[in-house]
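Contents: one structure, followed by commentary.
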Protein chains: 2
Amino acid sequence: MTAKAPQAPRPVPTLEDVARLAGVSTATVSRCLNTPDRVVKSTRDRVMSAVDQLGYAPNFGARALAAKRTNTIGAIIPTMENAIFARGLQAFQEELGLHGMTLLVASSSYSEDVEREQIRTLCARGADALLLIGHHRSQGTLDFLEARSVPVLVAWVYDPDKPQPSIGFDNRAAMREMAELVIAKGHRRIGVISAPCDSNDRASERVQGIREAMAAHALPADAMALHETPYSIENGAAAFRQVMDSPDPPTAVMCGNDVLAVGALRAARQMGLSVPGDVSITGFDDIELAQLVDPPLTTVHVPHRDMGRMAARLLVQQLNGDGPMASTRLDTYLCDRETLGPAPR
Amino acid sequence: MTAKAPQAPRPVPTLEDVARLAGVSTATVSRCLNTPDRVVKSTRDRVMSAVDQLGYAPNFGARALAAKRTNTIGAIIPTMENAIFARGLQAFQEELGLHGMTLLVASSSYSEDVEREQIRTLCARGADALLLIGHHRSQGTLDFLEARSVPVLVAWVYDPDKPQPSIGFDNRAAMREMAELVIAKGHRRIGVISAPCDSNDRASERVQGIREAMAAHALPADAMALHETPYSIENGAAAFRQVMDSPDPPTAVMCGNDVLAVGALRAARQMGLSVPGDVSITGFDDIELAQLVDPPLTTVHVPHRDMGRMAARLLVQQLNGDGPMASTRLDTYLCDRETLGPAPR
DNA sequence: CGATGTCGTGTAAGCGCTTACACTGATCTC
DNA sequence: GAGATCAGTGTAAGCGCTTACACGACATCG
């Protein structure tokens, strides 16, 4: 195909090959690549052209081994399937790129065990720091992290009382605010569709927020019908059917996130229920999908991009030795679109 | 917090630490981890408990350096923003996992230069093979890949004539089929909203498919109004407005993918146009969103999961030395939902 | 003008791991 | 019962890179 490769003389060129071709030592080549200003221009040019000619790319593993730093940050998110974390992660990556760092992403499928495995993998791969979602993880995992002294930042939650720094929002307060609105609209029987709460502090905090609002308005605990199911549109739809299949169904269904809410919305339509005429539905996250469905979803807006960007900054600061990270709180706000209406009488 | 770490005696444990604690050589520890059956059980147990006790995790870089294999496959997709590649990649990852391989994902933002950088990065990180999207890339990149002799599989297209093996579908034929249907419904002026065609063979093939169908029915080339814009809902909406802002607007707008189509659909609603009463809209990909919008989108179904799964199998086979990969063609089919209707008269 | 810096470069010691090879006892074979 | 075989383990040589240190060649200075 190309004239440059007569056969396959040396499968992959190394620093040494470059050095030989340029007639310098490996140290000089290394310096050209990492600290170009410590090498005189004439030498540098010679080295660089050798690099090009050979199609040399430094071996990352070897580099990490020798330098003990990888400029890589790992992130483990519960899922890549839907858009919940996509936007935040995108911003995270962009900001990291600005600082010359690379992102390594893994997903845990909402499983504690998988997450532990992924943490080990990312550490093994030399991540200089980790971004994790939520606080819930086993002591063993925490110990491991501490033993390796990898800086960890927890995102999507804000909890200054935890030992690990976090960046995010107050899930409980955010959902409480939404519940207040729902109650203000006259709803007294509230269905709740949430992700499984154990091992998911975002989910449990949100449910807790609803409980608090109900208590504040002297609504009995059994006025809330809680259904837990993993995040997916299908599951949201199924859960909605179950929640509504009761002698005294709720007039509003609050969902733990938008994906579940969109499922609920579909189910409602299939059941011939008008939203919000017959039943109100609310979401959480304000993902793109929320304004695409019909009617557009009333939900809690989460500042995904800001969160991602700030997470990157905090991590970079910490790695540059500018002191420990401070937990940071971002604001959410209600997006009262069209799926929440007054309680039917 | 925990009692196990009095201070920080040795930041991160190494093979040697484990060996010392277990009273064996590093070779034995290594064997316990990689080929457990070559070590007698009593020794192995001792080693393993040392591993646990120390929280040891092998250094990936060092391992790759010594073993010259990483069991890692890299994939570079144009974007993570929307769901176009998500499902396929998920399946790809799952299948890789079954074979003990790990996936490293990067995104190129539809930029050739970024992709080249990412390819280098993934190679540097030791990817044993690469999954790339589409055939379009510079000769320099191709040379680089060949020089390093990294197996490459191209996905989301099928083209047995290219030197690189591919797995996917015939974008041109798939879109031609859709265009045939559109024409059969009586449409004669067709708007086309596509991603920029240069450097995106999927996009250009799809447009070409429309051209072929139109030619086959003796429609003049200028019966097609083509608008190119990057994939995003917003862009789709904007392009739709432009396409329709003509003295003689098209009666059907065919979009290069579902994301654009959903944007077009929104724009149509905002403009007070009924779909498909006033104007028909079609998509491509059949992402989840396609059936969530109202009315559900007529689109081309692409077997994302099959493609991902088979891509993984092909790659694994190749790495196991079972001969070179063969280009594989998958079928698409039309999903005629509710956004395509007869041409208004 | 010899002592002292400074700058650009080379030398070589690892970084943590795998693995070819060597070694040691058992077990087996005739 | 001596030699062959073999399973289990240790020894040590790298893998490709960074970087502390050494070194020579100048420029600078009192």
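As the structure is a computational prediction, the values presented were derived from the model and not from experiment. Values reported hereafter were calculated over all heavy atoms of this structure, with side chains retained and with hydrogens, waters and symmetry mates removed.
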For residues 63-70 of chain B, which residues have at least one heavy atom under 4.0 Å from DNA chain D?
->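 The answer is B:L65, B:A66, B:K68.
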Could B:E112 and B:R116 be called an ion pair, given the rule that one side-chain N must be under 4.0 Å from one carboxylate O?
->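 Answer for the salt bridge query: no.
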Taking the side chain of [X] as heavy atoms from C-beta outward, which of [options] is closest to it?
X     : options                : value
A:A27 : D:dC17, C:dT11, C:dT9  : C:dT11
A:T28 : C:dT9, D:dC17, C:dT18  : C:dT9
A:R31 : D:dA12, D:dT19, C:dC17 : D:dT19
B:N59 : C:dG16, C:dT18, C:dG10 : C:dG16

Residues A:E94, A:R309; criterion salt bridge (charged side-chain N to carboxylate O under 4.0 Å, His left out); working and verdict = CA-CA 8 Å; A:E94 285 167 12; A:R309 201 174 316 123; over 6 Å; no
Does a side-chain N or O from A:S30 land closer than 4.0 Å to OP1 or OP2 of D:dC17, or not?
->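 Checking D:dC17 against A:S30, no side-chain N or O comes under 4.0 Å of OP1 or OP2.
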Is B:T14 near enough to C:dC15 that one of its side-chain N or O atoms lies under 4.0 angstrom from OP1 or OP2?
->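 The answer is no; no side-chain N or O of B:T14 sits under 4.0 Å from OP1 or OP2.
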Take B:S42 and B:T26, find for each the nucleotide of DNA chain D with the closest heavy atom, and name the residue whose nucleotide sits nearer the 5' end.
->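 Whichever sits nearer the 5' end wins; that is B:S42.
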Under 3.5 Å: donor-acceptor pair, side chain of B:S109, backbone of B:S111 |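 It does not hold such a pair.
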Atom CD1 of A:I167 and atom CH2 of A:W156: how far apart are they, to the nearest 0.5 Å?
->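 Answer for the CD1-CH2 pair, A:I167 versus A:W156, is 10.0 Å.
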